[in-house]
Amino acid sequence: MFEEPEWAEAAPAALGLGPVTSQPRPAAASQSKGSKHRQLLATLRALEAASLSQQPSSLPSSDSEEEEVERIKKRPKKASFASASAEVGERRKKKCQKQSLSASEEREVERKKCHKQTLLGSDSAEGEKEKRKHQKHVPSNPAQHLDSVDHSGPKAWKSSTTNDPPKPNPGSTSPKPLHTLSRRQWRNRQKNKRRHKNKFRPPQVPDQTPAQAPTEETDMPPSHRLVSYEARAGALRTRMAQRLDGARFRYLNEQLYSGPSSAAQRLFQEDPEAFLLYHRGFQSQVKKWPQQPVDRIAKDLRQQPASLVVADFGCGDCRLASSIRNPVHCFDLASLDPRVTVCDMAQVPLEDESVDVAVFCLSLMGTNIRDFLEEANRVLKPGGLLKVAEVSSRFEDVRVFLGAVSKLGFKVISKDLTNSHFFLFDFQKTGPPRVGPKAQLSGLKLQPCLYKRR
């Protein structure tokens with residue numbers, strides 16, 4: 001059963017030993033285990049000795065050989081440990097990379113989900129608006145509407161709903177959807193509705209205040225409504241009366257400047273209210289001036305002695321007589337005050353050379369201005385003072401006017417042309433007029449002061 005290998009015979013020869021002769025063994029000994037074990041040990045030792053004897057002489061001693069064998073035995077173990085640790089490290093790195101990649105992928109997926117949700121939310125809101133806008137255009141068949149929608153995404157659905165309205169099914173019996181009105185068509189329709197509604201309303205009171213809302217009128221009780229109508233009617237009457245008075249004032253003013261003083265006197269005698277109306281309109285016009293000329297004349301006369309006698313030609317409401325302490329003779333075409341003497345200013349009831357100051361405050365009206373100045377020369381004392389205040393727009397040439405007045409027996413003392421609305425002149429009587437009654441004085445023709453319609 002057991003055969004000796006070939007190297008078992010070669011081992012004693014290599015060691016210088018004789019060949020091992022196989023002797024016949026008894027059957028009992030050959031079958032025992034101990035003899036086999038010993039033979040195997042012997043062959044192994046012989047092999048080890050043969051391998052050691054074949055090594056070169058340069059190798060170290062047996063101790064060093066054993067150490068080298070131990071190193072060699074340990075090296076593969078170290079190399080395997082290092083490789084194992086390297087493998088473990090690579091596995092850990094790969095695992096960490098996988099975890100980081102999975103975490104980043106999860107974050108990216110979450111971000112994409114959030115972005116998709118926002119897009120879906122905005123698209124859903126816009127879709128709601130479009131849905132409300134196109135409610136009339138939605139077909140009656142829901143399956144047809146679902147088929148018409150493109151399922152490529154929310155944006156595609158939005159574009160399909162906005163650009164391609166759903167077409168009605170020709171086989172369906174649903175009515176045809178109405179066309180959406182444009183902004184202009186909607187406005188025109190609303191305007192036509194308002195016109196149709198206002199066509200059957202009762203007529204409103206004229207000159208209605210726009211600030212009052214119609215809801216307030218409907219909510220007001222009938223008594224308050226009547227009061228408001230009466231107040232509006234009263235305001236309308238007052239406004240119309242003011243316009244009428246303005247028109248009459250302009251007419252009277254034109255008559256006074258275009259005719260002689262005698263014609264104006266007859267006009268006011270026939271219509272006493274006309275003078276009151278004219279005076280009221282005149283005061284409303286002069287009130288807008290920065291300074292009134294009568295106040296300026298009163299200021300100058302207050303600096304003169306209070307004993308000087310003053311004659312006021314065209315006194316009006318006697319404002320000058322009320323402003324100074326001097327004795328004043330008041331003359332006008334009509335009376336607004338008990339102190340007024342009604343007369344033509346070309347013929348006043350005064351004696352010759354009886355007054356010290358003659359005043360014409362915006363009263364050189366009419367076409368006979370020369371008669372007024374000659375009458376003032378008659379009643380003034382020698383060296384008396386003549387004060388004239390007139391609207392600045394009436395003078396074409398101031399020097400020509402002053403020259404004409406000087407020919408009537410006066411000398412220019414001072415002039416004030418600084419005011420924007422009127423000019424003020426002071427003359428002194430030098431004697432009787434130096435020209436005859438038939439001499440023409442073109443400088444005394446002043447422009448009429450006509451008021452425009454506002």
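The closest side-chain heavy-atom distance from Val391 to Phe422 is not below 4.5 Å. With contacts defined as side-chain heavy-atom distances shorter than 4.5 Å, the pair Asp371/Ser261 does not qualify. Side-chain contact between Asp337 and Cys330 is absent, with no heavy-atom pair separated by less than 4.5 Å. With a 4.5 Å cut-off on side-chain heavy atoms, Asp300 and Leu424 count as touching. Within the 4.5 Å cutoff, the side chain of His196 has no heavy atoms near those of the Asn192 side chain. Between Leu441 and Arg370 there is a side-chain heavy-atom pair separated by less than 4.5 Å. Counting heavy atoms from C-beta outward, Arg183 and Arg187 have side chains that approach closer than 4.5 Å. Residues Trp289 and Asn419 have side chains not in contact (no heavy-atom distance under 4.5 Å, counting atoms from C-beta outward).
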#### Entry: Criterion side-chain contact (heavy atoms from CB on, under 4.5 Å) on Phe401 and Glu390, from CA distance to verdict
CA-CA 12 Å; Phe401 174 75; Glu390 198 54 61; over 6 Å; no
### Task
Report the C-alpha separation of Cys315 and His329 in whole Å, then their side-chain angles, then the decisive distance to 0.1 Å, and conclude whether the side-chain contact (heavy atoms from CB on, under 4.5 Å) test is met.
CA-CA 9 Å; Cys315 63; His329 299 283; over 6 Å; no
### Message
Could you walk me through whether Ser262 and Arg266 satisfy the side-chain contact (heavy atoms from CB on, under 4.5 Å) test, starting with their C-alpha distance in whole Å, then the side-chain angles of each, then the deciding distance to 0.1 Å, before giving a yes or no?
### Response
CA-CA 6 Å; Ser262 58; Arg266 287 195 301 271; 4.1 Å; yes
### Query
Where do Leu380 and Phe410 land on the side-chain contact (heavy atoms from CB on, under 4.5 Å) test, with the steps shown first?
CA-CA 11 Å; Leu380 275 174; Phe410 296 99; 3.9 Å; yes
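In summary, Asp317 and Arg319 do not engage in a salt bridge, as defined by a charged side-chain N under 4.0 Å from a carboxylate O.
For Ala311 against Val355, the heavy-atom pair with the smallest separation is CB-CG1, 4.1 Å. For the residue pair Leu336 and Gly316, the shortest heavy atom distance occurs at CB-O, 4.1 Å. Here the closest non-hydrogen pair linking Pro260 and Asn368 is CA-OD1, 4.0 Å. The nearest pair of heavy atoms linking Val340 to Ser335 is CB-OG, 3.9 Å. Of all the heavy atoms in Phe372 and Ser363, the pair that sits closest is CE1-O, 4.2 Å. Across every non-hydrogen atom of Leu267 and Gln255, the tightest pair is CD2-CB, 4.4 Å.
Note that NZ of Lys429 is 11.0 Å distant from NZ of Lys381, once rounded to the nearest 0.5 Å. If you take CG on Leu446 and CD1 on Ile369, they are separated by 4.0 Å, rounding to the nearest 0.5 Å. Remark: Leu408 CG to Leu373 CG distance equals 6.0 Å, nearest 0.5 Å. Rounding to the nearest 0.5 angstrom, the gap separating the CZ atom in Phe268 from the CG atom in Leu252 is 5.5 Å. With rounding to the nearest 0.5 angstrom, the CG atom of Asp332 is 13.0 Å from the CZ atom of Arg339. Atoms CG and CG, on Leu301 and Asp312 in that order, are 9.5 Å from each other to the nearest 0.5 Å.
More than 12 heavy atoms of other residues, nucleotides or ligands lie within 6.0 Å of CD in Gln190, so this atom counts as buried by the packing criterion. Arg302 CZ: more than 12 foreign heavy atoms inside a 6.0 Å radius. The environment of Gln347 atom CD is sparse: at most 12 non-hydrogen atoms of other residues, nucleotides or ligands sit within 6.0 angstrom.
Between the Glu375 side chain and the Val348 main chain, a donor and an acceptor come within less than 3.5 Å of each other. No donor-acceptor pair closer than 3.5 Å links the side chain of Asn253 to the backbone N or O of Phe249. At least one donor-acceptor pair closer than 3.5 Å links the side chain of Thr430 to the backbone N or O of Gly409. In terms of modelled atom types and a separation under 3.5 Å, the side chain of Arg394 and the main chain of Pro448 share no donor-acceptor contact. Under a 3.5 Å cut-off, the side chain of Asp426 and the backbone N or O of Ser414 do not form any donor-acceptor pair. For the pair Asp356 (side chain) and Leu385 (backbone), a donor-acceptor distance under 3.5 Å is absent.
Below 30°, between 30° and 60°, or above 60°: for Phe313 and Phe360 the angle between ring planes is below 30°, a parallel geometry.
Not counting sequence neighbours, the partners of Lys415 by the side-chain contact (heavy atoms from CB on, under 4.5 Å) test are Leu402, Phe425.
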